[in-house]
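Data first, discussion second: the structure below is written as C-alpha cells.
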Amino acid sequence: MISKIYIETYGCQMNFADTEIVMGILKNKGYEVAKSIEEANVILLNTCSIRDNAEQRIYGRLSNLKNLKSQKPDLLLGILGCMAERLRKDLIEEKKIVDLVVGPDEYRRLPEYLDVAYSGDKGIGVRLSRTETYDDIEPYRENGLSAWISVMRGCDKFCTFCVVPFTRGRERSRSLNSVVQEIQRLSERGFREVTLLGQNVNSYSDGENDFADLLQACAKVDRKIRIRFTTSHPQDLSDKLLFTIAENPNICNYIHLPVQSGSNRILELMNRTYSIEHYLNLIDKARKIIPDVSFSTDIIAGFPTETWEDHFATLEVMKQVRYDGAYMFKYSPREGTKAYKMGDDVPDDVKTKRLQEIIDLQQSISYQKNQELIGKEEIVLVEGFSRKSDEFFSGRTDTNKVVIFPVEEKISIGDYIKVKINKATSATLFGEFVDFYYYLEEDSLKCI
Ligand code: SAH
Ligand code: SF4
Ligand code: F3S
C-alpha cells in the first residue's frame with residue numbers, strides 16, 4: 001500500500017518552505033500527498049514554538065487527532081518543526097501521543113524514521129546540524145505564482161526572548177548557484193514571485209557572496225519574477241544591499257525591519273545589538289537611496305521590566321517611521337532563553353493594554369498611509385479572483401498590500417499591471433486597471 005502523507009503547517013514562512021522540502025523528500029521515496037486528512041495514513045504537524053499560544057494550539061490539535069487515531073489504529077502521527085526540538089521528551093515520554101518527532105535539520109532522514117515508526121517503535125530525530133541546508137532537494141510545489149525559497153537556516157543572534165537559535169540551530173547559508181537554479185526552474189514553470197527566506201537574511205554568506213550579491217543574481221534570472229525577502233536584521237543591513245534594491249526594478253521596495261521596542265534600555269536587555277538612533281538613521285538612509293521604499297516591523301509589548309516610558313518610546317518610533325504594516329505581540333516567556341530568567345513582571349492586563357495601544361496606533365497609521373495612495377498608481381501582480389466576488393480580481397502591490405479591482409477580459413492571472421487606487425481601508429486598496437507593466441532592464445538605475 002502506498003502511504004499518503006498529510007502535513008499541517010504552523011508558524012513562520014520558513015516552516016511553510018520546509019513543508020515543501022519534506023514533501024520533496026517523501027515523494028522521492030514513493031510517498032504520495034493526501035488530498036484530505038481522511039485519506040492520510042500519516043499525519044504530520046510542522047510546528048512552531050515562538051510563543052506559548054503557538055504551542056498550546058498544537059497541543060489542542062493533537063488531542064483532536066488522538067480521537068482520529070483511536071478510530072484508525074494504523075494512522076501514524078508525527079511532530080516536525082520547532083516543537084520537536086523543544087518538547088521531544090514531553091511529546092514522546094510523557095504525553096505518549098505521537099509516533100514520530102523529527103526536528104528541522106533531520107528531514108533528510110524522515111523516511112528512515114517513518115520506517116521505525118511503522119515497525120512499532122518511536123521515530124526520533126532531533127539533532128541540529130551546522131551544515132544541513134537541503135541545497136540539493138527540490139521542494140514539492142503545486143503550480144502557482146508565488147514561491148518561498150529558504151536561502152539560509154538557523155540564527156546566531158540570540159535575542160534574549162527568542163527560541164529560534166535553540167530550535168533551528170546555528171546560521172548557515174545555501175550556495176548562490178543552487179538558489180539561482182531553483183528560480184530558473186520556477187521561471188520555466190511560470191512562477192511570477194519569489195520570496196527569499198531566512199531569520200536574518202542580511203547575514204547570508206556562502207563563502208563568496210553576501211546577501212546583496214544573492215539578491216542581484218536572483219533578480220537577473222527572469223525580470224518577470226518579482227523578488228521579495230524576509231527578515232532583515234537592523235544591525236546587518238548594508239548600503240550595498242540598499243543600492244541593489246534600488247537598482248533592480250523587480251526587487252520589491254519593501255523591507256521588513258523588526259524594531260521590537262523603541263526604548264534603548266529594552267533593546268539592550270533584548271540583545272538586539274542596535275540603538276534606536278542607529279535604527280532611525282537606517283530608515284532615513286534607506287528612504288534616500290530607495291525613494292518609494294516602505295517598511296513593516298515586529299513589536300513586542302511587555303518585555304520584562306518594560307515601563308510606561310519604554311512603551312511610549314515604542315509608540316513614538318512607530319509615529320516617526322510610519323510603518324506600512326506591523327506584526328505585534330505580547331511578550332511570552334520561553335523556558336531556556338535569557339529573558340526567561342529576567343522574570344515576567346509586566347502583568348498580563350498591562351501587556352494587553354499596551355499591545356492594544358500599539359495595534360490601534362498602527363491601524364490608524366496604515367489607514368492614513370493607504371488614504372495617501374488614493375489617486376496614485378501601484379504595480380500589482382494579479383493573483384486571482386477576490387474572495388468576495390468573481391467580478392473582481394485581487395492582487396498585491398510591491399509593498400504586499402492587497403488591491404481589489406474589476407475583472408477585465410484583457411487581464412489574466414499572473415500579469416503585472418498598473419492599478420490606479422481610488423478607495424482604501426486600513427487593510428485593503430481598491431482601484432482600476434490602467435495599463436500592463438513590464439519590469440524592464442531599462443527601468444533600472446532609477447535613482448543613482
Ligand atoms: N528573525 C526574525 C523574526 C523571528 S520570530 C527577526 O529577528 O525579526 C518573529 C517575531 O516574533 C519576532 O520578530 C518577535 O517580534 C516575535 N517574538 C519572538 N519571540 C517572542 C516571544 N518570546 N514573545 C513574544 N514575541 C516574540
Ligand atoms: Fe529570534 Fe533574534 Fe534570531 Fe530573529 S534575530 S530569529 S528574533 S534570535
Ligand atoms: Fe516558529 Fe520556528 Fe518559525 S519557532 S516562527 S516555526 S522558526
Side-chain angles (χ1 to χ4, degrees), residues 7-19 22 45-58 79-87 103-105 128 148 150-172 197-204 229-237 255-262 266-267 269-274 279 295-304 306 314 323 325-344 346 348 351-352 354-355 358 362:
I7 309 186
E8 263 177 28
T9 310
Y10 299 80
C12 64
Q13 289 164 324
M14 306 222 41
N15 253 15
F16 284 82
D18 276 2
T19 291
V22 168
L45 305 186
N46 193 358
T47 61
C48 173
S49 288
I50 201 82
R51 284 167 290 275
D52 186 55
N53 54 9
E55 289 186 345
Q56 292 315 322
R57 234 179 116 196
I58 306 283
I79 293 285
L80 310 179
C82 291
M83 273 174 84
E85 294 300 328
R86 254 175 57 78
L87 297 166
D105 287 348
L128 289 170
W148 289 305
S150 286
V151 300
M152 55 190 298
R153 303 182 70 82
C155 183
D156 285 351
K157 288 283 178 208
F158 286 94
C159 302
T160 56
F161 50 79
C162 184
V163 291
V164 172
F166 305 99
T167 61
R168 295 246 161 198
R170 297 287 59 75
E171 207 167 84
R172 65 218 102 110
L197 298 175
Q199 292 299 350
N200 172 19
V201 286
N202 305 139
S203 59
Y204 171 91
F229 57 94
T230 195
T231 295
S232 297
H233 191 288
Q235 193 201 7
D236 310 320
L237 191 84
I255 306 177
H256 182 60
L257 197 65
V259 68
Q260 312 296 0
S261 166
I266 296 293
L267 287 175
L269 287 175
M270 288 175 163
N271 189 34
R272 286 293 288 182
T273 66
Y274 53 83
Y279 183 92
F295 295 95
S296 60
T297 196
D298 293 349
I299 292 173
I300 298 178
F303 187 81
E306 188 188 71
T314 300
Y323 294 103
Y327 301 90
M328 301 155 283
F329 313 102
K330 257 199 250 184
Y331 171 68
S332 168
R334 314 308 289 132
E335 211 176 335
T337 60
K338 273 201 173 156
Y340 191 76
K341 299 193 197 88
M342 298 176 198
D344 183 20
V346 181
D348 193 58
K351 280 186 197 167
T352 305
R354 290 182 191 169
L355 179 64
I358 290 169
Q362 183 53 45

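We count ligands from 1, going down the list as the structure has it; atoms in each ligand are counted the same way.
Closer than 4.0 angstrom to ligand 1 lie heavy atoms from I50, R51, F161, Q199, T231, P258, Q260, R272, D298, I300, F329, K330, Y331, S332, R334.
Classification of D344 and K330 as a salt-bridged pair fails, no side-chain N sitting under 4.0 Å from a carboxylate O.
When each of R168, R170, R153 is paired with D105, the salt bridge (Lys or Arg N to Asp or Glu O under 4.0 Å) condition holds for R153 and for no other. Exactly one residue among F158, Y340, F161 makes a ring pair (Phe, Tyr, Trp, His ring centres under 6.0 Å) with F166. That residue is F158. Between S203 and the choices Q235, E171, H233, K157, the side-chain hydrogen bond (donor to acceptor under 3.5 Å, both in side chains) rule is met once, by E171.
Residue-level proximity to ligand 2 for F158 is carried by the backbone, the only part with a heavy atom below 4.0 angstrom. Residue N200 does not touch ligand 2, judged by heavy-atom distances below 4.0 Å.
Under the 3.5 Å distance criterion, with hydrogens and angles disregarded, no donor-acceptor pair is assigned to the side chains of S49 and T167. Between D236 and N200, the side chains place a donor N or O and an acceptor N or O closer than 3.5 Å (distance only, hydrogens not considered).
Using a distance-only test at 3.5 Å, with no hydrogens or angles considered, a donor-acceptor pair links the side chain of T297 to the main chain of V259. In this structure, the side chain of T337 does not engage the main chain of C162 through any donor-acceptor pair within 3.5 Å. Between the side chain of N202 and the backbone N or O of S232 there is no donor-acceptor pair closer than 3.5 Å. Between the T9 side chain and the F16 main chain, no donor and acceptor come within less than 3.5 Å of each other.
Taking every non-hydrogen atom of C155 and a distance limit under 4.0 Å, the qualifying atoms of ligand 2 come out as 3 (Fe), 5 (S), 6 (S), 8 (S). Contact atoms of ligand 3 toward Q199: 7 (S) (distance under 4.0 Å to a heavy atom of the residue). Ligand 2 places these atoms under 4.0 Å from at least one heavy atom of P165: 8 (S). Each of the atoms 6 (S) of ligand 2 lies under 4.0 Å from some heavy atom of V164.
Within the protein, the N, O or S atoms lying under 2.8 Å from atom 1 (Fe) of ligand 3 are C48 SG.
Between A301 and R354, the shortest heavy-atom contact is CB-CB, 4.3 Å.
Under a 4.0 angstrom heavy-atom cut-off, Q13 registers as lying outside contact with ligand 3. Taking a 4.0 Å cut-off on heavy atoms, R272 registers as neighbouring ligand 2.
Comparing E171, K157, M14 against atom 5 (S) of ligand 2, the shortest heavy-atom distance belongs to K157.
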Problem - S150 and M14: CA distance, side-chain angles, deciding distance, side-chain contact (heavy atoms from CB on, under 4.5 Å) verdict - result: CA-CA 7 Å; S150 286; M14 306 222 41; 3.6 Å; yes
Handout entry: Candidate pair D18 and L80, rule side-chain contact (heavy atoms from CB on, under 4.5 Å), full reasoning
Key = CA-CA 10 Å; D18 276 2; L80 310 179; over 6 Å; no
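In this structure, atom 8 (S) of ligand 2 lies nearest to the protein heavy atom C159 N, 3.4 Å. Looking at atom 1 (Fe) of ligand 2, its nearest protein heavy atom turns out to be C162 SG, 2.3 Å.
A ring-centre distance under 6.0 Å is not found for F329 and F303.
By the 30° and 60° cut-offs, the orientation of the rings of Y323 relative to Y279 is tilted.
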